[in-house]
Enquirer: 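Just dropping this structure here.
Keep in mind that the numbers below use all heavy atoms, side chains included, and drop hydrogens, waters and symmetry copies. Letters A, B, ... are given to chains in the order of the sequence lines, protein chains preceding strands, and every chain is numbered from 1. Source: prediction; values computed, not measured.
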There are 2 protein chains.
Amino acid sequence: MRQNPARRAALLDAAIEVLAREGARGLTFRAVDAEAGVPVGTATNYFSSRDELLVQVGHRYYERLEPDADLIADALSGPRDRDRVTELMRGIVERVTTFRSGYLALLELRLESTRRPELRELLSKRVRADLDFNIRNHEESGLPGDATTVVVLYLALNWLILERLTLPDVFPEEEIDDLVTEVVERVLPSRAAR
Amino acid sequence: MRQNPARRAALLDAAIEVLAREGARGLTFRAVDAEAGVPVGTATNYFSSRDELLVQVGHRYYERLEPDADLIADALSGPRDRDRVTELMRGIVERVTTFRSGYLALLELRLESTRRPELRELLSKRVRADLDFNIRNHEESGLPGDATTVVVLYLALNWLILERLTLPDVFPEEEIDDLVTEVVERVLPSRAAR
DNA sequence: AATGTAGTACTACATATGAAGTGGTGTCAA
DNA sequence: TTGACACCACTTCATATGTAGTACTACATT
């Protein structure tokens with residue numbers, strides 16, 4: 001079992017790309033090797049099984065999904081009203097959509113986790129932690145809305161992103177921003193918009 | 001290419017189970033044969049390729065997802081207030097969750113559709129039609145809320161179901177009903193609850 | 001009633017593909 | 001010199017799929 005962390009990370013990033021592009025079906029050691037541009041057999045040396053590869057991909061995804069300091073800073077500057085929240089949500093949706101391969105890979109992992117307890121546990125913890133982090137952050141920011149607001153936004157926007165990435169024709173691209181606005185408007189009534 | 005429609009449907013139902021249980025990776029002609037309890041080679045005789053099998057599974061899913069007459073009748077009986085909407089949404093969430101294998105299979109298809117234009121087109125049409133159907137229905141029912149309400153509910157509740165089916169530990173089972181209630185409360189402000 | 005025909009069910013085999021493991025060689029740095 | 005890693009060739013293994021052929025059933029024809 002090889003140790004070189006940079007190479008390991010590169011292999012995991014390659015695995016994310018493969019997962020997104022070819023699905024769980026296409027994720028093989030050899031495909032990862034090819035994607036990473038390393039010689040055949042390298043991935044075999046770094047991961048003892050496909051299972052372990054999947055779990056490590058999960059870790060790697062969240063390692064890359066560091067909370068964005070800029071976004072948090074934005075949230076804390078200027079007026080704390082609903083428009084700010086809308087802006088923030090647009091930013092998040094945009095940011096997540098841009099990391100398309102990561103999001104799709106994570107969906108593949110979610111489906112895989114149905115059959116892999118270890119993976120499920122890892123993802124559950126990470127997702128929950130991410131959600132809690134967002135809730136705490138929101139509450140401390142002084143922005144309108146409570147924990148439930150954040151949860152409902154989390155739910156609606158995640159599916160919006162999924163829809164956008166898997167069936168882009170359902171909601172035309174140019175309507176996405178308006179949709180985000182509408183979601184925020186509904187979830188955060190104007191009386192709370194001060 | 002065999003014709004027997006009953007047998008074809010049985011094979012497609014088996015394919016849905018296989019997709020849900022073993023993922024796209026496990027979906028092979030042989031696995032479908034085994035699941036359907038028919039002799040080896042049968043699926044081969046009914047589908048010219050794995051691609052065609054996937055597309056037909058998509059059709060089959062929506063064939064089985066007939067709009068539920070009971071649910072619609074429920075919507076039209078009694079008072080048309082927010083509590084009714086909450087009740088309805090709980091019913092829908094429950095119904096979809098119960099057809100676990102179907103929902104998971106559809107998610108697999110969504111991910112597959114990333115790589116298969118024919119599948120993507122089919123799913124886009126169906127999803128859009130389903131959404132439009134729900135919007136029209138809601139508007140005609142006299143229940144509070146407009147088209148946007150339905151869209152936002154669609155988004156939030158779909159992800160809630162996905163979360164529940166893939167990472168059940170994120171939202172404890174006993175909180176699901178309350179969560180649905182909260183979603184409806186946020187999306188449908190009380191001033192519109194008459 | 002006997003026979004023919006078409007469609008389907010089933011089985012077995014042949015082919016092909018490619019995935020993973022293993023062992024070995026080369027290379028670099030401590 | 002030794003140890004860790006990069007790289008490569010080859011073997012093994014599993015399994016997916018296609019094909020070909022036989023058996024069965026229903027229906028039509030005579």
Side-chain angles (χ1 to χ4, degrees), chain A residues 1-60 105 108-109 111-112 114-116 118-119, chain B residues 1-60 105 108-109 111-113 115-116 118-119:
Chain A
M1 182 89 68
R2 302 296 147 82
Q3 297 309 330
N4 186 337
R7 207 171 172 90
R8 179 175 297 265
L11 287 169
L12 291 173
D13 287 340
I16 288 176
E17 296 305 316
V18 172
L19 263 182
R21 199 179 56 241
E22 319 200 16
R25 197 177 163 72
L27 186 76
T28 66
F29 287 137
R30 297 296 144 98
V32 173
D33 292 336
E35 177 71 25
V38 298
V40 175
T42 306
T44 314
N45 289 332
Y46 275 82
F47 310 100
S48 64
S49 68
R50 193 167 168 280
D51 245 72
E52 199 194 308
L53 172 61
L54 285 172
V55 171
Q56 292 200 25
V57 166
H59 277 110
R60 175 64 183 164
E108 295 279 359
L109 288 186
L111 288 174
E112 277 293 317
T114 306
R115 292 150 235 139
R116 296 173 205 276
E118 196 188 349
L119 189 56
Chain B
M1 182 90 68
R2 303 296 145 81
Q3 298 309 328
N4 187 338
R7 207 171 173 86
R8 179 175 297 265
L11 287 169
L12 291 172
D13 288 339
I16 288 175
E17 296 305 317
V18 172
L19 263 181
R21 200 180 54 241
E22 319 200 16
R25 194 177 166 74
L27 186 76
T28 66
F29 287 133
R30 295 305 201 256
V32 172
D33 292 335
E35 177 71 26
V38 298
V40 175
T42 306
T44 314
N45 289 330
Y46 275 82
F47 311 99
S48 63
S49 68
R50 195 168 166 280
D51 244 72
E52 200 194 308
L53 172 61
L54 285 171
V55 172
Q56 291 200 25
V57 166
H59 276 111
R60 176 64 182 164
E108 294 279 0
L109 288 186
L111 288 174
E112 276 293 316
S113 78
R115 293 149 236 140
R116 296 174 204 276
E118 197 188 347
L119 190 56

Enquirer: For A:Glu52, is the CD atom crowded, meaning more than 12 foreign heavy atoms sit under 6.0 Å from it?
Expert: yes
Enquirer: Would you mind reading off the distance between B:Phe29 atom CZ and C:dC10 atom C1', rounded to a whole angstrom?
Expert: 17 Å
Enquirer: Identify the heavy atoms of B:Val55 and B:Leu119 that sit nearest to each other, and give their distance.
Expert: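 Minimum heavy-atom separation between B:Val55 and B:Leu119: CA-CD1, 3.9 Å.
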Enquirer: For B:Asn45 and C:dT11, give me the distance from atom CG to atom C1', rounded to whole Å.
Expert: 11 Å
Enquirer: Closer than 4.0 Å, any side-chain N/O of B:Arg7 to the OP1 or OP2 of C:dC10?
Expert: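 The answer is yes; a side-chain N or O of B:Arg7 sits under 4.0 Å from OP1 or OP2.
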Enquirer: Can you figure out which of D:dC7, D:dG18, C:dA19 approaches the side chain of A:Arg30 most closely?
Expert: C:dA19
Enquirer: From CG of A:Leu27 over to P of C:dG18, roughly how many Å is that when rounded to an integer?
Expert: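 Nearest whole value for this atom pair: 16 Å.
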Enquirer: Just N and O in the side chain of B:Tyr46: are any of them under 4.0 Å from OP1 or OP2 of C:dT8?
Expert: no
Enquirer: Given atom CZ of A:Arg25 and atom C1' of D:dT17, what is their separation to the nearest angstrom?
Expert: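 Those two atoms, CZ and C1', are 11 Å apart.
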Enquirer: Under 4.0 Å, counting only non-hydrogen atoms across every strand here, what does B:Val40 touch: a base, just sugar-phosphate, or nothing?
Expert: base
Enquirer: Please tell me which of the listed nucleotides, C:dT8, C:dC10, D:dT19, lies nearest to the side chain of B:Thr44?
Expert: D:dT19
Enquirer: Can you identify which nucleotide, out of D:dT17, D:dC5, C:dC10, has its nearest atom closest to the B:Pro39 side chain?
Expert: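 The nucleotide sitting nearest to the side chain is C:dC10.
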Enquirer: Quickly work out the A:Asn4 CG to C:dC28 C1' distance and round it to whole Å.
Expert: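 In whole Å, C:dC28 C1' and A:Asn4 CG are 13 Å from each other.
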Enquirer: Using whole Å, report how far CG of A:Asp33 lies from C1' of C:dG21.
Expert: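 Between C1' of C:dG21 and CG of A:Asp33: 13 Å.
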Enquirer: Taking CZ from A:Phe47 and C1' from D:dC5, how many angstroms apart are they, rounded to a whole number?
Expert: 15 Å
Enquirer: Select from A:Arg2 and B:Arg50 the residue whose nearest nucleotide in DNA chain D is closer to the 5' end of that strand.
Expert: A:Arg2
Enquirer: Does A:Arg8 make a cation-pi contact with A:Phe47 (under 6.0 Å, within 45 degrees of the axis)?
Expert: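 Judged by the rule (NZ or CZ under 6.0 Å from the ring centre, within 45° of its axis), A:Arg8 counts as positioned above A:Phe47.
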Enquirer: Could you tell me the separation between the CG atom of B:Asp51 and the CZ atom of B:Arg115, rounded to the nearest 0.5 Å?
Expert: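 Answer for the CG-CZ pair, B:Asp51 versus B:Arg115, is 11.0 Å.
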Enquirer: Between P on D:dA16 and CD on B:Glu22, what's the gap in Å once rounded to a whole number?
Expert: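 Answer to the nearest Å: 10 Å.
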Enquirer: Between the side chains of A:Arg116 and A:Glu112, is the shortest nitrogen-to-carboxylate-oxygen separation below 4.0 Å, so that they form an ion pair?
Expert: yes
